[in-house]
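Start at 1 and go down the list; that is how both ligands and their atoms are numbered. All residue numbers in this chain count up from 1 along the given sequence.
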Amino acid sequence: MNPTQEQASAPAGWLVTGAGGMLGQDVLARLAAAGERTTALDRAALDLTDADAVRQALRHHRPAVVVNCAAWTAVDDAETREAEALAINGDGPAHLADACARTGAVLLHVSTDYVFAGDATTPYAEDAPTAPRSAYGRTKLAGERAVLETLPDRGYVVRTAWLYGTGGPNFVRTMIGLEGRRETLDVVDDQRGQPTWSADLAGLLIELGRGALAGTAPAGVYHGTSSGETTWYGFTREIFRLLGTDPDRVRPTTSEAFVRPAPRPAYSVLGHERFAAAGIEPLRDWRAALTEAFPAIHRVHEKENPA
Ligand SMILES: NC(=O)c1ccc[n+]([C@@H]2O[C@H](COP(=O)([O-])OP(=O)(O)OC[C@H]3O[C@@H](n4cnc5c(N)ncnc54)[C@H](OP(=O)(O)O)[C@@H]3O)[C@@H](O)[C@H]2O)c1
C-alpha cells in the first residue's frame, strides 16, 4: 500500500458494480460458483455517477478486485443524450478508478469495440489507434482513459462486443422472437464481429482478476471477445440452425437498408494477443459458445413469451 492510500484492513474479495445487468449477473454467478467472497451492487445500491457514494462503497467493502459491469448501453439514444451517457460511461469509471487508487483495489473495467472506427480489415490489436464514430463509443473511450490514467498499475480495460446471454435483452433473444413471427428475415451481412457469450466473458474477467492479484497479468487493455468471426447474417443463420429451422429463411442485406441513429462499425474483430501473453487462454470460438448458451437463452424466451 502506498502512502496516499487510506489506512485500513487489507483489501479482500470482489465487488461487482452494475450487478443487475446482463454481464453483471453472469459475473456474480461465476464468482458464486468459484466460492469467492463477493459484494454485488446494482444501480439502486450504487449509482456510479455519485462520486461520494462510490468512494464510500469502496472504503466500506474494501474489495481486492472491482469489476465494473455498469454502463449506459443504449447506443442509439446516446447520440442525442451524450452528456448523460458520458456521466455513466466516462465519469462513472473515473470515480471508481479514483476510489480504487485510494483503497488499493484492482479495477477491471468493461469497454467496447465501438472505440474503434471499424474500418480495419485485420483484427484490431489492443494498442491499435482508437477513433470512435458514435457518441456511445466516445463516452466509453473516456471511461477507458480515466481508468488507465488513474490506475496505471492496477487498471484493466476489457473490450468486448456483440454480447448476448440470459440476463437481458440482446440479439439472440430478438432473433428467437422474430423467427416465430416472420417467414423470412433480412439481416445485415456487411458488419463483421465476434458474438460473445456474457458467461464466457464473466469467466475470463475472473481469470484476469486472479492474474492481476497474482502479478501475472499486467495492467492495461485486453480484448474479451470470442474467437472466430462472422456477420450478423451468419450469426442469425446459426441461431436458426439451433432453433431447428431452415437457415435459408435468413437473407443477407446491407447496412444501408438498416440505417440507425448511431453508425455501426463495419469491422469489429478484435485480436487477443494480450490475454495469450498473460497466460490466459482467449475465449473459444463463437459457434461453440453459442451452442452451449443457446438452450438456456431459449428457455428464458419461452418463459417470457408463453404460447
Ligand atoms: N451488450 C453488448 O453487446 C455490449 C457490447 C460491447 C460492450 N458492452 C459493454 O459490456 C458491459 C456490460 O454490458 P451489458 O450488456 O451487461 O449491459 P446492461 O445489461 O445494460 O447492464 C448495464 C447495467 O448498468 C447499470 N447502470 C446504468 N447506469 C448506472 C449507473 N449510473 N450506476 C450504476 N449502474 C448503472 C444498468 O442498470 P439499469 O438497468 O437500472 O439502468 C444495468 O444493470 C458494458 O460496459 C457495456 O458497455 C456491451
**Request:** Nearest 0.5 Å please: distance from the CZ atom of R237 over to the CD1 atom of I239.
**Result:** 12.5 Å
**Prompt:** At a 4.0 Å cut-off, with the gap strictly under it, does some heavy atom of G92 reach an atom of ligand 1?
**Reply:** no
**Atoms of ligand 1 close to A161 [distance to a heavy atom under 4.0 angstrom, numbered from 1]** = 5 (C), 6 (C)
**Asked** Under 4.5 Å between side-chain heavy atoms, hopping through other hydrophobics if needed: is there a path connecting L28 to V66?
**Response** no
**Message:** Both conditions, 6.0 Å and 45 degrees, for the charged tip of R192 above the ring of Y267: are they met here?
**Reply:** no
**Request:** Report, in ascending order of atom number, the atoms of ligand 1 lying under 4.0 Å from any heavy atom of D47.
**Result:** 30 (C), 31 (N), 32 (N)
**Message:** Is there a continuous path of hydrophobic side-chain contacts, each under 4.5 Å between heavy atoms, that joins V115 to L151?
**Reply:** no
**Prompt:** Side chain, backbone, both or neither: which part of K140 has a heavy atom under 4.0 Å from ligand 1?
**Reply:** side chain
**Prompt:** For M22 and ligand 1, does the shortest N/O to N/O distance drop below 3.5 Å?
**Reply:** yes
**Request:** Please state which part of A19 comes within less than 4.0 Å of ligand 1, counting heavy atoms only: side chain, backbone, both or neither.
**Result:** neither
**Request:** Measure the distances from the heavy atoms of A74 to every atom of ligand 1 and state whether one is below 4.0 angstrom.
**Result:** no
**Request:** May I have the step-by-step check of side-chain contact (heavy atoms from CB on, under 4.5 Å) for C100 and L58, ending in yes or no?
**Result:** CA-CA 7 Å; C100 288; L58 270 280; 4.1 Å; yes
**Prompt:** So H223 and R159, side-chain hydrogen bond (donor to acceptor under 3.5 Å, both in side chains) or not? Walk me through it.
**Reply:** CA-CA 5 Å; H223 286 167; R159 296 185 185 127; 3.0 Å; yes
**Request:** Please work out whether any backbone atom (N, CA, C, O) or any side-chain heavy atom from C-beta onward of A70 is under 4.0 Å from ligand 1, and answer side chain, backbone, both or neither.
**Result:** both
**Contact partition for L163 relative to ligand 1, non-hydrogen atoms under 4.0 Å** = both
**Message:** Below 4.0 Å, non-hydrogen atoms only: which portion of L48 touches ligand 1? Side chain, backbone, both or neither.
**Reply:** both
**Request:** Answer yes or no: is there an ion pair linking E292 with R287, defined by an N-O contact shorter than 4.0 Å?
**Result:** no
**Request:** Answer side chain, backbone, both or neither: which part of Y136 comes under 4.0 Å from ligand 1, heavy atoms only.
**Result:** side chain
**Request:** Could you tell me whether A71 approaches ligand 1 through its side chain, its backbone, both or neither, with non-hydrogen atoms closer than 4.0 Å?
**Result:** both
**Message:** Please determine whether a side-chain nitrogen of the Lys or Arg among D98 and R102 lies less than 4.0 Å from a carboxylate oxygen of the Asp or Glu.
**Reply:** yes
**Fill in**
Here the atoms of ligand 1 under 4.0 Å from any heavy atom belonging to G20 are 43 (O)
**Asked** Among T225, V110, L41, which residue places a heavy atom closest to atom 9 (C) of ligand 1?
**Response** V110
**Message:** Looking at atom 1 (N) of ligand 1, tell me if a protein heavy atom falls under 4.0 Å from it.
**Reply:** yes
**Request:** Report the member of L46, T160, V54 with the shortest heavy-atom distance to atom 6 (C) of ligand 1.
**Result:** T160
**Fill in**
Which of W232, W286, F171 passes ring-ring contact (aromatic ring centres under 6.0 Å, His included) with W162? Answer is W232
**Message:** Tell me whether L23 shares a hydrophobic cluster with L48, the cluster being built from Ile, Leu, Val, Met, Phe, Trp, Tyr side chains joined at under 4.5 Å.
**Reply:** no
